[in-house]
There are 2 protein chains.
Amino acid sequence: MSDHQANDNKPLHSHDPCTSALSAEENAAEMLAAMTRNGLRITDQRRSMVSIFSDHDGYLSPKDVYDSMVRKYPSVSFDTVYRNLRMMSEMGVLEQFYFMDGGLKFKSNCLSHHHHHLICVNCEKTVTFDYCPMDQQMNLPGGYKILNHRFEIYGVCESCQ
Amino acid sequence: MSDHQANDNKPLHSHDPCTSALSAEENAAEMLAAMTRNGLRITDQRRSMVSIFSDHDGYLSPKDVYDSMVRKYPSVSFDTVYRNLRMMSEMGVLEQFYFMDGGLKFKSNCLSHHHHHLICVNCEKTVTFDYCPMDQQMNLPGGYKILNHRFEIYGVCESCQ
DNA sequence: CTTTTTGCAAACGATTTGCAACAGA
DNA sequence: TCTGTTGCAAATCGTTTGCAAAAAG
């Protein structure tokens, strides 16, 4: 729901470096395009889910998304939300992961460049940063062939302190 | 993500700083002691769970533990396993976390020093290393008050390659 | 002998599935 | 039209809880 007027010069809140180049609307259009490209039909519900994510930088649980959806589509079902979350993250439009406490959350994905997250443990507002520990010289034991990694920093954001 | 080449380096230390100091038996005794210290009674099942973890370096799912337990105590119940896993991780004897795919796993904990994990995506054999990205100079955005972090590297261990 | 722990069964929350009705391309 | 999508209900998975019987200290 883009309920704020198009004022390109004044972002409401700090966008992360992945999406700041794009307005929420552009980002939504981009997501929808990626979905069409993957052969998905664009339904009202999916359009609505897309705008929920393009308007929010941070992670949302399936329940969060459902609650937002219900406001616009009172008859929406939980399984539709789940199904679409799964499809959207399978095709890379959303990024998902399991939080510290194990809860599954989703966030609109940045396909363009590698980064990590700094996450507020209170409001879950998330900012990205480019520093990656894997760029450092570090002597790892055991002769593993390295595939990927996970690095997140948790803290309390300015407005939650 | 940046695909870093597996740098075939020799281990910095020839030992795993967490486990090499103690044999499996010593480690088990240590775990049992910690449990008694916390007011837990040592039952046969708990002794068995402890030795499962002290004999295995790597993460185990509740189901893994249950399957091991059943071999020795055919009438053991799933909830006893869960209850004990939870208590043991609450008192720091076990370390738990949610894997990439969201599955909850447990591992005998190292209480003595901070470290991170290098985990085999195939067999889940885990080695620890002392390098911590938080020791590096990195300017983070957003004025967050930093609380904690998570850093894991995933790969394929030597014997799984 | 007292208190904790166990095993059973049933409850629970989160996620998935089968299927008939419906809607997008 | 014609296939993909929705909503409903029920199934499933992993985990937790209440309680009486059994075991530890």
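Below, each value reflects all heavy atoms present in this structure, side chains not excepted, and no hydrogens, waters or symmetry copies.
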Exercise. Roughly, in whole Å, what's the span from CG in Asp67(B) to P in dG14(D)?
Worked result: 11 Å
Problem set entry | dT16(C) base / Arg86(A) side chain donor-acceptor hit below 3.5 Å | no
Exercise. What's the shortest heavy-atom distance between Leu118(B) and Pro141(A), and which atoms?
Worked result: CD2-O, 3.5 Å
Seminar exercise, completed: Testing dG25(D), dT16(C), dT6(C) for proximity to the side chain of Ile42(B), the answer is dG25(D)
Problem set entry | Spacing of Gln45(B) atom CD relative to dT5(C) atom C1', expressed in whole Å | 8 Å
Exercise. Passes ring-ring contact (aromatic ring centres under 6.0 Å, His included), His116(A) versus His149(A)? Steps please.
Worked result: CA-CA 10 Å; His116(A) 292 283; His149(A) 61 285; 5.0 Å; yes
Problem set entry | Rounded distance (Å) that lies between atom P of dT4(C) and atom CZ of Arg41(B) | 7 Å
For this session: For the side chain of Ser75(A), starting at C-beta, report the closest nucleotide among dT5(D), dG7(D), dT6(D).
Result: dG7(D)
Exercise. Side-chain N or O of Thr80(A) less than 4.0 angstrom from OP1 or OP2 on dG7(D)?
Worked result: yes
For this session: Let me know, please, whether Lys63(B) or Arg47(B) comes out on the 5' side of the other along DNA chain D by nearest nucleotide.
Result: Lys63(B)
Problem set entry | Between P of dG24(C) and CG of Leu40(A), the distance in whole Å | 14 Å
Exercise. Contact class for Arg46(B) vs. all strands (heavy atom < 4.0 Å): base, sugar-phosphate, or nothing?
Worked result: sugar-phosphate
For this session: Using a strict cut-off of less than 4.0 Å between a Lys/Arg side-chain nitrogen and an Asp/Glu carboxylate oxygen, indicate whether Asp67(B) and Lys63(B) qualify as a salt bridge.
Result: yes
Exercise. Phe78(A) has an atom CZ; how far is it from atom P of dT6(D), in whole Å?
Worked result: 15 Å
Seminar exercise, completed: Against the side chain of Thr43(A), the closest entry in dA23(C), dG7(D), dT6(D) is dT6(D)
Seminar exercise, completed: Tyr82(B) atom OH is separated from dG7(C) atom C1', nearest whole Å, by 16 Å
For this session: Select base, sugar-phosphate, or nothing to describe what Asp79(A) touches, counting heavy atoms under 4.0 Å on all strands.
Result: base
Problem set entry | Distance, rounded to the nearest Å, where Met91(B) contributes CE and dT5(C) contributes P | 9 Å
Exercise. Between dG7(C), dT5(C), dT15(D), which one does the side chain of Pro62(B) approach most closely?
Worked result: dT15(D)
Problem set entry | Cys120(A) to Tyr144(B) - nearest heavy-atom pair and separation | N-CE2, 3.5 Å
For this session: Spell out yes or no: do the side chain of Arg83(B) and the base of dT5(C) have one donor N/O and one acceptor N/O closer than 3.5 Å?
Result: no
Exercise. Do the ring centers of Tyr59(A) and Phe99(A) come within less than 6.0 Å of each other?
Worked result: yes
Exercise. Could you give the CE-to-P distance, from Met49(B) to dT5(C), as a whole number of Å?
Worked result: 13 Å
